[in-house]
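First the structure, in the form of structure tokens, and then the observations on it.
Just so it is clear: chains get the letters A, B, ... in the order the sequence lines come, proteins before strands, and each one is counted from 1.
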Amino acid sequence: MLAVNFLLLAAALFAIGVYGVIARRNAVMVLMSIELILNAVSLNLVAFALMTGAVDGQVFALYVIAIAAAEVGVGLAMVLMIYRNRKSIALDELSEMKG
Amino acid sequence: MSAVILAADDVNVAQNVGFGIIAAIMIFAALKVVTTKNVVHAALWLVVVLSGIAAQYILAAAEFVAISQVLVYIGAVMVLFLFGIMLTRAQIGKESDLNNKGWALGIPVALMLFGLLAWVILDAFGDDILPDRGPAPTVSLSDQFLSIYLVPFLAISFVLLAAAIGAIVLARKD
């Protein structure tokens, strides 16, 4: 199996996730696109672990999974708080800062 | 890319066919995640992508990571997402304004990013063949976690605790 298979698949998922972060207006959809990006990165890490034969890449993939779980928990709590205060989670309406 | 064709006789065909089918399903599902008009459908398409990632981990001989992916992402994170969707929106169904006004800007950005990444990847790893290794034993993973990666392991347990407490504090009603 060629290494580029995994790496190109991860690159495609990463690009799709970046498109989602830019294009989506709903905060929950943006969090889902961030999950796509994080998964692409850990797929890369596992592919490199297979390439080098060291298990460190898998260790880092597990760290990425744990960080993603924490990020989703805090992110959705923030979305809930914004929804409670403003009755909307559209990201382009959250413009209270100058600039 | 000629190296790809030259290297093809060393390649495990069944593994490649399985990879191709799963990768096509994953790309399709990922495109549905970022283009569908229905938030709940987007969450369900995300389940397909995450299951495909778990299958790719098994193809890449990382069984423990695959099982963790199923447990954590499909089991826990997706439930959180569905709760988040249902707590923030009364309306279940099609929505017309899920995209930003400048959403079309994302297409050239994503295409350029993918082109750049693909060029770099093909330039650097264009003819590397992944060796046929058996699955990495989980014992070696735990040896790494409890020896040289012990401090990050403790740090991440603290991060998870802080995230749980922070989520409760943020989402609490008072």
Side-chain angles (χ1 to χ4, degrees), chain A residues 1-9 11-26 28-29 31-33 35-36 39 42-43 46-47 49-51 53 55-56 58-59 61-63 65-74 76-81 83-84 89-92, chain B residues 4 11-12 15-16 19 23 27 30-31 33-34 39 42 46 49 53 56-57 60-62 65 68-69 72 76-77 80 84-85 87-88 97-100 103 105-107 109-110 113-114 117-118 121-122 125-126 128-130 133 136 140-141 144-145 149 156 159-160 163-164 166-167 170-171:
Chain A
M1 188 146 193
L2 290 164
V4 278
N5 285 358
F6 283 116
L7 302 183
L8 284 179
L9 173 64
L13 283 181
F14 189 91
I16 293 171
V18 168
Y19 166 76
V21 170
I22 293 173
R24 287 304 203 183
R25 186 163 170 266
N26 186 319
V28 178
M29 305 288 277
L31 280 176
M32 285 187 205
S33 307
E35 291 304 308
L36 281 181
N39 272 288
S42 38
L43 186 60
V46 170
L50 182 63
M51 194 193 293
V55 84
D56 302 46
Q58 299 187 20
V59 173
L62 287 169
Y63 280 130
I65 289 175
I67 287 291
E71 172 253 331
V72 163
V74 176
L76 284 175
M78 285 168 62
V79 169
L80 278 186
M81 197 178 64
Y83 179 75
R84 199 177 297 143
I89 52 171
L91 291 175
D92 52 356
Chain B
V4 173
V11 165
N12 184 339
Q15 197 183 20
N16 266 324
F19 173 88
I27 298 285
L31 286 172
V33 170
V34 294
V39 187
L46 190 59
V49 180
I53 293 262
Q56 302 288 16
Y57 286 161
V65 187
S68 308
Q69 170 92 3
V72 175
V77 169
L80 270 182
I85 290 168
L87 287 175
T88 53
D97 55 348
L98 274 177
N99 280 351
N100 277 322
W103 65 273
L105 184 66
I107 296 174
V109 170
L113 185 63
F114 177 70
L117 282 173
I121 286 167
L122 287 175
F125 303 104
D128 283 11
I129 296 178
L130 292 175
R133 290 201 176 85
S140 63
L141 264 178
Q144 297 282 316
F145 265 115
Y149 292 113
I156 210 152
V159 165
L160 281 173
L170 280 178

Rounded distance (nearest 0.5 Å) linking atom CG of B:D128 with atom CZ of B:F125: 6.5 Å
Approximate separation, where rounding is to 0.5 Å, of B:Q69 CD and A:L43 CG: 9.0 Å
A:A66 versus B:I156, closest heavy-atom pair with distance: CB-CD1, 3.7 Å
Distance-only side-chain donor-acceptor flag, A:Y63 / A:S42, under 3.5 Å: no
Most chain B-contacting option - heavy-atom pairs closer than 4.5 Å, from A:V21, A:L62, A:V28: A:L62
Test of ring centre spacing under 6.0 Å for A:F6 and B:F19: yes
Which atoms of B:A23 approach chain A - backbone, side chain, both or neither, heavy atom under 4.5 Å: both
Among B:V159, B:L31, B:L105, residue most engaged with chain A (heavy-atom pairs, under 4.5 Å): B:L31
Options A:L76, A:I65, A:V72, ranked by heavy-atom pairs under 4.5 Å with chain B, top entry: A:I65
Part of A:A12 within contact of chain B (heavy atom distance under 4.5 Å): both
Interatomic spacing from CG in B:L130 to CG in A:L50 - rounded to 0.5 Å: 4.5 Å
Nearest heavy atoms of A:M32 and B:I85, plus distance in Å: CE-CD1, 3.8 Å
Winner by heavy-atom pair count (cut-off under 4.5 Å) against chain B, out of A:E35, A:R24, A:M81: A:R24
Under 4.5 Å from a heavy atom of chain B, the part of A:L8 involved: both
Top contributor to chain B interface from A:L31, A:I67, A:V74, A:L7 [non-hydrogen pairs under 4.5 Å]: A:L7
Nearest-0.5 Å distance, CZ of residue A:R25 to CG of residue B:N99: 9.5 Å
Interface residue of largest heavy-atom contact number with chain A, from B:A163, B:A60, B:A76, under 4.5 Å: B:A60
Residue B:L87 versus chain A: region with a heavy atom under 4.5 Å: both
Separation between CD of B:Q56 and CG of A:L9, rounded to the nearest 0.5 Å: 5.5 Å
Interchain contact, B:Q15 with chain A, by part (heavy-atom threshold 4.5 Å): both
Winner by heavy-atom pair count (cut-off under 4.5 Å) against chain A, out of B:V72, B:V77, B:V49, B:I53: B:I53
Region of A:M51 in contact with chain B, defined by heavy-atom distances below 4.5 Å: both
Most chain B-contacting option - heavy-atom pairs closer than 4.5 Å, from A:A61, A:A70, A:A69, A:A68: A:A70
Structural part of B:L46 lying under 4.5 Å from a heavy atom of chain A: side chain
More than 12 heavy atoms from other groups under 6.0 Å of CE on A:M78: no
Interface moiety of B:V65 toward chain A, non-hydrogen atoms closer than 4.5 Å: both
Taking every non-hydrogen atom, the tightest pair across B:A61 and A:Q58: O-NE2, 3.7 Å
Interface residue of largest heavy-atom contact number with chain B, from A:S33, A:A90, A:A15, under 4.5 Å: A:A15
Residue among B:L160, B:I107, B:L141 with most heavy-atom pairs under 4.5 Å to chain A: B:L141
Nearest-0.5 Å distance, CH2 of residue B:W103 to OH of residue A:Y19: 5.0 Å
Side chain / backbone / both / neither for A:V18 at chain B, heavy atoms under 4.5 Å: side chain
